[in-house]
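Structure first, commentary second.
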There are 2 protein chains.
Amino acid sequence: MQTTVLKLQTTDRARGIAATLEEEIVLGWLMPRERLVEEELAERLGVKRHVVREALAELERVGLVERVPNRGAFVRLLDPTEVRQIYSVREALETLAAEQIPMPAPDRLLSRLKEIQDAHSAAVASGDARAAFRANMIFHEALFAACGNPHLVELIQAMAQKVHGARSITAASAEHLALARDEHLGMIEAIRAGDRARLVALCRKHLGPSRDAYIAAAEARFARSKTIAR
Amino acid sequence: MQTTVLKLQTTDRARGIAATLEEEIVLGWLMPRERLVEEELAERLGVKRHVVREALAELERVGLVERVPNRGAFVRLLDPTEVRQIYSVREALETLAAEQIPMPAPDRLLSRLKEIQDAHSAAVASGDARAAFRANMIFHEALFAACGNPHLVELIQAMAQKVHGARSITAASAEHLALARDEHLGMIEAIRAGDRARLVALCRKHLGPSRDAYIAAAEARFARSKTIAR
DNA sequence: GTCGCCATGATTGTCAACAATTCTGTTGAA
DNA sequence: TTCAACAGAATTGTTGACAATCATGGCGAC
């Protein structure tokens, strides 16, 4: 066995950096409004500045980061209206996908989901928020990919990405993680039982907590920032 | 009156270049499989290479262009399956949006659509495919923006963009352009009459021609390329 | 004649220096 | 004290040179 030193190119490395920054945002390690200085990130993450630059451009396109010319990049702060709109689209998309998942589901899908969920449950049990986040993403991708339309899956993921900046509240909370775990188990069970209505309902319900937690927090913050002016 | 020489920065210029290239693809000026050489484009469009680079990265993200490391960028060739999947999602999204357009519609919306359609009709009459394409995009944006959810509109546009590479057949055909014009007029009329069902049906029907034309052409091409091998 | 190999050219990928812009803190006058 | 102007620092934006990589075509061996 030979350890191949694979040499990635800028675009790929930038993707990796973007993913890393995305995680740090979701986990609340990078907070909204926080400034993202190119050289700083470049040094910390061990890449050249132009790679960071490209990563930031990607995160801007995705909507996680805001960039103003000559001033730099910031973690974007979503306002409650926007969050509501995004979640409304997510609901429609995920319902659409869930309705196209073949029922009865192939064993292959069920065992795959169970396997992923084991990893997720383990991460939740050990309180490893990062691992939980990763497993969570993989679970949803595998679930919706079963609808058979990769382009629909892509949209679902894109919309999920958009609100990652709004998820630092729930992504680190043991309570919310446990709830997510239980709902995942419920989805698997619904698929196994061939109960489509229940699956769709669970998907919809699954979106609620993080949305509501963020909106509550954001509205409190907005109210505050109004009284303090700016 | 003073002509301000506004100085755009790379990101913005890249957006413009990307839009230009997109148009050239839609109008069939750049064909699928055609190679896009950075320096060549840079010179032709009057920008530095790194701007073209960023534009190509964006077009790759969108799905109009394919890039292989160290080999360059090509106009992406969509296979019929993919096109079908994308159009299926488009149908769902546009239906969803059309169902949320307020009825009766505000006069403001109607007059706006009429105004845009006048420009479109004029372009169709004069056979100006580029102007028709632009007016067409503006029409659809204005139409779906009326649903009130900008994020849904964004998705609709993203999916439309994806198949731009498949539209060179219809985008330049006088016949198809005339049909599109009539359908637009039908939509305006449906909105005016408050006939939501008709609007939704028209939107769905509106997607058909370019999809079917491309699939027919592509299947012929695939069949050919199979016999000729490669 | 065909296959494989190397030299060459065309193209993309990487980098670090430089330019331009914005931000911060200080000074001095009203 | 407050404000404006200004210098200096911090940061982003731009450029051209250089390195790495891949396609092409010629040449020789079989």
Side-chain angles (χ1 to χ4, degrees), chain A residues 4-21 24-25 30-77 229-230, chain B residues 4-21 24-25 30-77 229-230:
Chain A
T4 50
V5 181
L6 65 145
K7 213 177 169 186
L8 295 167
Q9 308 211 259
T10 301
T11 306
D12 304 301
R13 271 181 288 165
R15 285 229 165 77
I17 299 296
T20 303
L21 290 175
E24 295 188 353
I25 291 172
L30 292 175
M31 298 288 281
R33 288 284 173 86
E34 182 161 350
R35 188 131 179 251
L36 302 174
V37 179
E38 296 180 354
E39 209 156 4
E40 200 176 289
L41 295 174
E43 195 181 2
R44 179 158 71 83
L45 302 170
V47 294
K48 298 292 174 185
R49 192 156 74 94
H50 73 280
V51 180
V52 173
R53 210 155 219 304
E54 194 172 323
L56 289 176
E58 180 156 342
L59 290 178
E60 185 191 27
R61 278 193 289 260
V62 167
L64 272 177
V65 151
E66 197 175 346
R67 284 172 91 195
V68 264
N70 293 313
R71 302 231 286 132
F74 312 80
V75 179
R76 178 138 177 249
L77 180 65
R230 49 154 230 111
Chain B
T4 51
V5 181
L6 66 147
K7 214 176 167 187
L8 296 167
Q9 307 214 256
T10 301
T11 306
D12 304 301
R13 272 179 287 166
R15 287 227 166 77
I17 298 297
T20 303
L21 291 174
E24 295 189 351
I25 291 172
L30 291 174
M31 298 289 282
R33 288 284 172 86
E34 180 160 352
R35 189 134 177 251
L36 302 174
V37 180
E38 296 181 355
E39 211 156 2
E40 198 176 291
L41 295 174
E43 195 181 2
R44 179 158 70 85
L45 302 170
V47 293
K48 297 290 174 186
R49 192 156 70 92
H50 75 285
V51 180
V52 175
R53 212 159 217 308
E54 197 172 320
L56 290 176
E58 183 159 338
L59 291 178
E60 184 191 28
R61 233 187 87 72
V62 167
L64 273 175
V65 151
E66 196 175 346
R67 286 173 87 197
V68 266
N70 292 316
R71 301 234 285 131
F74 313 81
V75 179
R76 182 145 173 240
L77 180 66
R230 51 154 228 113

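Numbered from 1 within each chain, the chains take letters A, B, ... in sequence-line order. Predicted model only: the values in this text are computed from it and were never measured.
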Review point. Does CD belonging to B/Glu34 count more than 12 external heavy atoms closer than 6.0 Å?
Key: yes

Revision key, fill the gap. In whole angstroms, the gap separating P of C/dT11 from CZ of B/Arg67 amounts to 16 Å

Revision key, fill the gap. Whole-Å distance, B/Asp12 CG to C/dT21 P, equals 14 Å

Check your understanding: Near B/Glu40 CD, under 6.0 Å, is it more than 12 heavy atoms from other residues, nucleotides or ligands?
Key -> no

Check your understanding: For B/Lys48, does its backbone N or O pair with a side-chain atom of B/Arg53 as donor and acceptor, under 3.5 Å?
Key -> no

Exercise for review: Work out which heavy atom in A/Leu59 is nearest to a heavy atom in A/Ala18; give both atom names and the distance.
Suggested key: CD2-O, 3.8 Å

**Study point:** Selection: residues 34-60 of chain A, any non-hydrogen atom under 4.0 Å of DNA chain C
**Key:** A/Lys48, A/His50

Please list each protein N or O that sits under 3.5 Å from an N or O in nucleotides 22-25 of chain D, with the distance.
| unit_1 | atom_1 | unit_2 | atom_2 | d |
| --- | --- | --- | --- | --- |
| D/dA23 | OP1 | B/Arg71 | NE | 3.0 |
| D/dA23 | OP1 | B/Arg71 | NH1 | 2.5 |

**Study point:** Contact check, side chains of A/Glu54 and A/Ile17, non-hydrogen atoms, under 4.5 Å
**Key:** no

Practice item. For the residue pair A/Leu36 and A/Val52, establish whether any side-chain heavy-atom pair is separated by less than 4.5 Å. Key: no

Exercise for review: Quickly work out the B/Gln9 CD to D/dT12 P distance and round it to whole Å.
Suggested key: 12 Å

**Study point:** Heavy-atom check, side chain of A/Leu21 versus side chain of A/Leu64, under 4.5 Å
**Key:** no

Practice item. Compare all side-chain heavy atoms of B/Arg61 with those of A/Val62 and state whether any distance is below 4.5 angstrom. Key: yes

